Protein chains: 2
Amino acid sequence: MKSPSQPRDRGIPEATVARLPLYLRALHGMAERGIATVSSEDLAVAAGVNSAKLRKDLSHLGSYGTRGVGYDVEYLVYQISRELGLTQDWAVAIVGVGNLGRALANYGGFVSRGFRVAALVDADPEVVGDTIAGLNVEHIDELETVIGQRGVSIVVLATPAAAAQAVCDRVIAAGVTSILNFAPVVLSVPDSVDVRKVDLSIELQILAFHEQRKAGGPLMAMDGQ
Amino acid sequence: MKSPSQPRDRGIPEATVARLPLYLRALHGMAERGIATVSSEDLAVAAGVNSAKLRKDLSHLGSYGTRGVGYDVEYLVYQISRELGLTQDWAVAIVGVGNLGRALANYGGFVSRGFRVAALVDADPEVVGDTIAGLNVEHIDELETVIGQRGVSIVVLATPAAAAQAVCDRVIAAGVTSILNFAPVVLSVPDSVDVRKVDLSIELQILAFHEQRKAGGPLMAMDGQ
DNA sequence: CCGACTTTGTGCATCGGTTCACAAAGGGAT
DNA sequence: ATCCCTTTGTGAACCGATGCACAAAGTCGG
């Protein structure tokens with residue numbers, strides 16, 4: 001039994017957290033198009049999920065809808081943003097300024113969501129000193145200094161696989177507890193540190209698996225489905 | 001008792017499929033270091049998962065281990081590769097040659113896993129004709145031709161959000177049934193088409209959520225956890 | 001002020017996935 | 001050949017997530 005206006009339930013399911021950014025994106029689009037109010041059904045369609053799931057997700061944040069009407073777009077944007085921590089400014093450092101690091105530095109989706117690329121760091125003297133996306137590329141020796149002085153709390157690892165663990169250890173020692181890893185290695189970190197990984201080739205491999213199935217499977221089993 | 005070569009269970013759980021590439025990566029590393037045999041425990045550590053989960057995952061492919069010994073690295077690499085469809089050559093087209101598209105074209109992880117970038121396509125006359133990663137950038141008008149003639153079965157969408165759905169519709173009409181989408185939009189496609197999406201800003205937002213929690217949560221609730 | 005209509009929020013059944021724990025299977029030593 | 005040791009493969013309990021279906025809550029027209 002909980003008090004009726006107890007929105008702050010400390011335990012939001014992980015699956016819900018992963019979908020909130022999706023809702024937020026859909027809501028931003030609607031706000032831009034001047035839509036003031038949206039039903040769970042419409043928002044669900046825009047976000048590509050089932051409406052019951054959406055309502056349950058939102059119910060974890062609190063009771064922000066109006067029965068018979070729907071959700072106020074602006075208000076919901078604010079509530080989700082606040083829950084995700086996007087109402088504050090996050091300083092991000094990108095380590096590894098290869099093709100991927102460059103793409104990330106230029107990626108508009110970061111800035112528009114409360115993230116600020118505060119530093120670009122690389123080990124290659126060839127790129128150190130270059131200006132990318134308006135930022136000076138700094139030498140890896142400056143890593144700890146940069147993190148400390150600019151209040152970097154999230155680090156994006158876009159280094160080669162071989163360098164990732166060493167850089168990871170250093171940024172953790174420098175106090176960082178959130179890492180987004182693009183290098184194709186399993187990082188070993190203390191429990192207190194959050195690592196999310198994105199491996200582009202894994203996604204392709206999963207697609208290949210399903211594609212193969214459609215084509216008849218590895219042994220060309222001739223089942224109709 | 002099942003016949004020893006009855007590996008083909010048509011229903012491999014989605015969660016398992018998503019982990020197979022992880023095992024494969026770990027196994028490749030071991031093969032390179034000359035390791036011939038590996039236990040589920042060791043492989044699990046290398047892949048960053050629980051060993052019981054790993055064994056259950058592998059059991060869906062068949063009985064490829066030897067009790068008391070472990071798994072033969074080479075053999076397991078082959079079996080997983082085959083299951084994922086990586087023993088064949090997949091032609092991939094990348095549409096949208098901005099920063100991200102460029103990074104993807106140069107990404108080594110594709111080629112090394114049986115994927116071949118067969119075409120780069122863009123709408124901007126400024127980039128059409130450029131050579132990137134040894135490939136000529138072709139005009140979007142050629143999209144259908146390129147897909148048909150080079151046997152492209154997987155398309156990577158790295159276009160701006162506004163263009164993604166239109167390109168998506170075209171590649172589907174051209175016969176493609178597997179799409180990897182980097183554009184921050186929900187694509188609407190027939191059920192027969194597989195879409196996997198990667199949204200870089202979503203991953204960062206999830207990190208921000210947890211980071212905020214560590215720092216005390218949105219209302220600075222002072223609970224120890 | 002009331003009654004019909006809309007849409008939320010949620011209890012409940014269900015499902016897929018994870019983890020535990022152990023019997024079965026194989027290897028190697030004696 | 002037999003026993004002991006290691007490690008797999010899996011039955012079963014558990015856990016979180018999903019989706020249905022509906023009562024509760026609110027709006028709006030008359």
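By convention in this document, chain letters (A, B, ...) are assigned in the order of the sequence lines, proteins followed by strands, and residues within each chain are numbered from 1. Keep in mind the model is a prediction, meaning the values are calculated, not measured.
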Atom CG of A/D72 and atom P of D/dT27 are separated, to the nearest Å, by 13 Å

Using a 4.0 Å heavy-atom cut-off, does B/E41 contact any base of the nucleic acid, only the sugar-phosphate backbone, or nothing at all?
nothing

### Query
With a 4.0 Å cut-off, would you call B/E41 and B/R55 a salt bridge?
no

Per atom distances to the B/Y71 side chain, the nearest of D/dG19, D/dG9, C/dT7 is D/dG9

note: B/L58, atom CG; C/dT18, atom P; distance rounded to Å ~ 14 Å

To the nearest angstrom, the CG-P distance between B/L54 and C/dC20 comes to 14 Å

To the nearest angstrom, the NE2-P distance between B/H60 and D/dG11 comes to 11 Å

Winner on side-chain proximity to B/R67, out of C/dA21, C/dT8, C/dA25, is C/dA25

Closest of C/dG17, C/dG9, D/dG19 to the A/S63 side chain is C/dG9

Here the distance between atom P of D/dT10 and atom CG of B/D57, to the nearest Å, is 13 Å

note: B/L61, atom CG; D/dT8, atom P; distance rounded to Å ~ 15 Å

To the nearest angstrom, the CD-P distance between A/E14 and D/dG16 comes to 12 Å

The answer to which of B/V69 and A/T66 contacts DNA chain D further toward the 5' end, by nearest nucleotide, is B/V69

Between A/R55 and A/G68, whichever has its closest DNA chain C nucleotide further toward 5' is A/G68

note: A/K53, atom NZ; D/dC20, atom P; distance rounded to Å ~ 11 Å

Problem set entry | Donor-acceptor contact below 3.5 Å, side chain B/S39 vs main chain B/D42 | yes

At under 4.0 Å between heavy atoms, what does A/A15 touch on the DNA or RNA strands: base, sugar-phosphate, or nothing?
-> sugar-phosphate

Walking DNA chain D from its 5' end, the first of B/S40 and A/T16 to be reached, judged by nearest nucleotide, is B/S40

Ranking C/dG9, D/dT8, D/dC20 by distance to the side chain of A/N50, first place goes to D/dC20

Q) Between the side chain of A/S81 and the main-chain N/O of A/V77, is any donor-acceptor distance below 3.5 Å? A) yes

Checking C/dC12, D/dG26, C/dG17 against the side chain of A/K56 (C-beta onward), the nearest is C/dC12

Run the side-chain donor-acceptor check on residues 164-175 of chain B: report pairs under 3.5 Å with partners two or more places apart or on a different chain.
residue, atom, partner, partner atom, Å
B/Q165, OE1, B/S188, N, 2.9
B/Q165, NE2, B/D169, OD1, 2.8
B/Q165, NE2, B/S188, O, 3.1
B/R170, NE, B/E144, OE2, 2.8
B/R170, NH2, B/I140, O, 2.9
B/R170, NH2, B/E144, OE1, 2.9
B/R170, NH2, B/E144, OE2, 3.4

Mind checking whether A/Q205 and B/L86 have side chains closer than 4.5 Å, heavy atoms only?
yes

